[in-house]
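Remember, predicted model here, so these are calculated numbers, not experimental data. Quick note on labels: first sequence line is chain A, next is B, and so on, each numbered from 1.
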There are 2 protein chains.
Amino acid sequence: MSTVDPASAPDAATASAPLGRSERIHAAVLDAAEQVFLRDGYVGASMDEVARLAGASKQTVYKHFGSKEQLFVELVTAMTEATGDPLGHETTDASADPGRDLAALAVAMLDAVLTPRILRLRRLVIGEANRFPELGRALYEHGPARAMAGVERRLSAWVEAGALPEHDVRTSAQHYNWLVMGAPLNAAMLLGDEAIPSPAERRAHAKAAVAALLGSIGAPPLVE
Amino acid sequence: MSTVDPASAPDAATASAPLGRSERIHAAVLDAAEQVFLRDGYVGASMDEVARLAGASKQTVYKHFGSKEQLFVELVTAMTEATGDPLGHETTDASADPGRDLAALAVAMLDAVLTPRILRLRRLVIGEANRFPELGRALYEHGPARAMAGVERRLSAWVEAGALPEHDVRTSAQHYNWLVMGAPLNAAMLLGDEAIPSPAERRAHAKAAVAALLGSIGAPPLVE
DNA sequence: CGAGAACGGAACTGGACAGTCCAGTTCTGG
DNA sequence: CCAGAACTGGACTGTCCAGTTCCGTTCTCG
């Protein structure tokens, strides 16, 4: 018997297990690719530098990812799918206080997106939207589209429960999304990371946005 | 006497004059640079192709613009400054009907930005925001910042004239801007030119945005 | 109409990069 | 402990590109 006790788990259920060499390298290459692509863009990035930064040989990088293009697409889709996921857009937990819930959701959305890493990803995808249209679409679906669908679902639930007046929930969901995200997101796109608002600014911005939305649908204003 | 200054006219007033050879070439190079940079991005663009497309030699291109970087910056700043200019953001012509004016302005803003050419420019600037931060700032100042300042001025005038209730005009101007521009602009950034809304869709979107804004500040709704 | 500036064409330098290949080394699973 | 798979390091190919240089031609302006 080996001293290693290989019987720990023959199944694939071992998530945070020690991780084989191959998986470790795979992850290291993705890490390195993230740094290089987010810094230099797709064309400006060098596969030599990715390999160097990953502590791997170019040969290994190509064995794992096939080509620069495949590595790029794999990286961006992974980051895209991992971003909006933990935001609970799929729930329908309509509480009795729409204003409070909407404000909390707004802050959560801002926190998820207003990160240097995610902003650089977004700049990268927008800049390469000509070359990789499918990446733009993926980011749109996982970002704004999903958020608006989730908000629309919540608004419908509140209307049904009598907590909000009847109104065009689809339009309101869109208005909410851009009242919240429009200004900070576009400022950060063009002005760089130093335009990222502080947590206090985010809370104030979210509160103003929710107040405007509630006013626009004829709902009673946010209670303090 | 210096041999320099071959200026055709002593004054600079000759605008649509026949245009000397040098000016013609200068413009042709800028045209070619626009095509190539907007299509391939900064790094992907080739100066050889710019010269070929301009019908000029590389030597001439470099005589006129010095370097790839200078040509890029000159092109982008020229396009940036030329875009928002004819929108009348500097006027304060507050009529008696804020709703109608705001809706008309919204359509004008959408028409100015939702052009394949301007959208590609915006994608380019965002994608190169790391390499050329000053271009991002310039686009921000000439675009959203100027628009919001103009709207704020109009809102103040209406409040002063009693056509709108008292409210935080700066916040409302920001809300207006992103109610109008947020959805279509970000969709076009990520989804490409086929996501550009039709004129009818723009009018409907503008009307809904203005209705939401008026509601949010407690003003009477838009009259048909 | 003539002189000089500006231009075209084309070759050239120096450097970078994607992707491949190979010989030798290290890890892993049985 | 061993066989085979995976990895390293570096050289190598073919291509592309920014920027320069040279020479002969064309245009412009006085």
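When the side-chain nitrogen and oxygen atoms of B:Arg24 are compared with OP1 and OP2 of D:dT28, one or more of them lie within a distance under 4.0 Å. Distances shown here put every side-chain N or O of A:Arg52 at or beyond 4.0 Å from the OP1 or OP2 atom of D:dG10. Phosphate proximity of C:dC7 to B:His64: present, with a side-chain N or O under 4.0 Å from OP1 or OP2.
For B:Lys58 and C:dG9, a side-chain-to-base donor-acceptor distance below 3.5 Å is absent, hydrogens and geometry of angles not being considered.
Remark: P of C:dT20 and CE of A:Met47 are 10 Å apart, rounded to the nearest angstrom. Rounded to whole Å, atom C1' of C:dA5 lies 14 Å from atom CD of B:Glu23. Regarding B:Tyr62, its OH atom lies at a distance of 5 Å from the C1' atom of D:dG19, rounded to whole Å. When rounded to the nearest whole Å, the span between NE2 of B:His26 and P of C:dA6 equals 14 Å. Between A:Ile25 atom CD1 and D:dA6 atom C1' there is a gap of 8 Å when expressed in whole angstrom units. Between A:Leu71 atom CG and C:dC17 atom P there is a gap of 15 Å when expressed in whole angstrom units. In this entry the distance linking CZ of A:Phe65 with P of D:dC7 reads 11 Å, nearest Å. Rounded to whole Å, atom P of C:dG15 lies 16 Å from atom CG of A:Asp48.
When distances run from any side-chain atom of B:Ser57 to the nucleotides D:dA18, D:dG9, C:dG9, the shortest one goes to C:dG9. Distance from the side chain of B:Lys63 is smallest for C:dC7 among the nucleotides C:dC7, C:dA18, C:dG8. Residue A:Thr60 has its side chain nearest to D:dC7 when only D:dC7, D:dT20, C:dC7 are considered. Among the nucleotides D:dA18, C:dG8, C:dC21, the one closest to the side chain of B:Ala56 is C:dG8. Distances were taken from every side-chain heavy atom of B:Ser67 (C-beta onward) to each of D:dG19, D:dG9, C:dA18; the shortest belongs to D:dG19. The side chain of A:Ser46 has C:dA18 as its nearest neighbour among C:dA18, D:dT21, D:dT8.
Among the protein residues, B:Ala45 comes within range of the sugar-phosphate backbone only, with heavy atoms under 4.0 Å from sugar or phosphate atoms but none that close to a base. Backbone-only contact: A:Gly55 has heavy atoms under 4.0 Å from sugar-phosphate atoms and none from a base.
Aromatic ring pairs are classed by plane angle as parallel below 30°, tilted from 30° to 60° and perpendicular above 60°; the pair B:His64 and B:His26 is tilted.
Toward the 5' end of DNA chain C, the nearer of the two residues A:Gln59 and A:Val43, judged by each one's closest nucleotide, is A:Val43.
Applying the salt bridge (Lys or Arg N to Asp or Glu O under 4.0 Å) test to residues at least two apart or on different chains, the pairs with a partner in residues 113-123 of chain A are A:Glu34-A:Arg117, A:Arg120-A:Asp193, A:Arg123-A:Asp193.
Side-chain N/O atoms of A:Ser57 and A:Thr60 include a donor and acceptor closer than 3.5 Å.
The pair B:Arg137-B:Glu134 does not meet the salt-bridge criterion, since no charged nitrogen lies less than 4.0 angstrom from a carboxylate oxygen.
In this structure, A:Arg39 places its CZ atom where more than 12 heavy-atom neighbours from other residues, nucleotides or ligands lie under 6.0 Å away.
Taking both residues in full, the closest heavy atoms of A:Phe65 and A:Glu74 are given as CE2-OE2, 3.5 Å, listed atom of the first, atom of the second, then distance.
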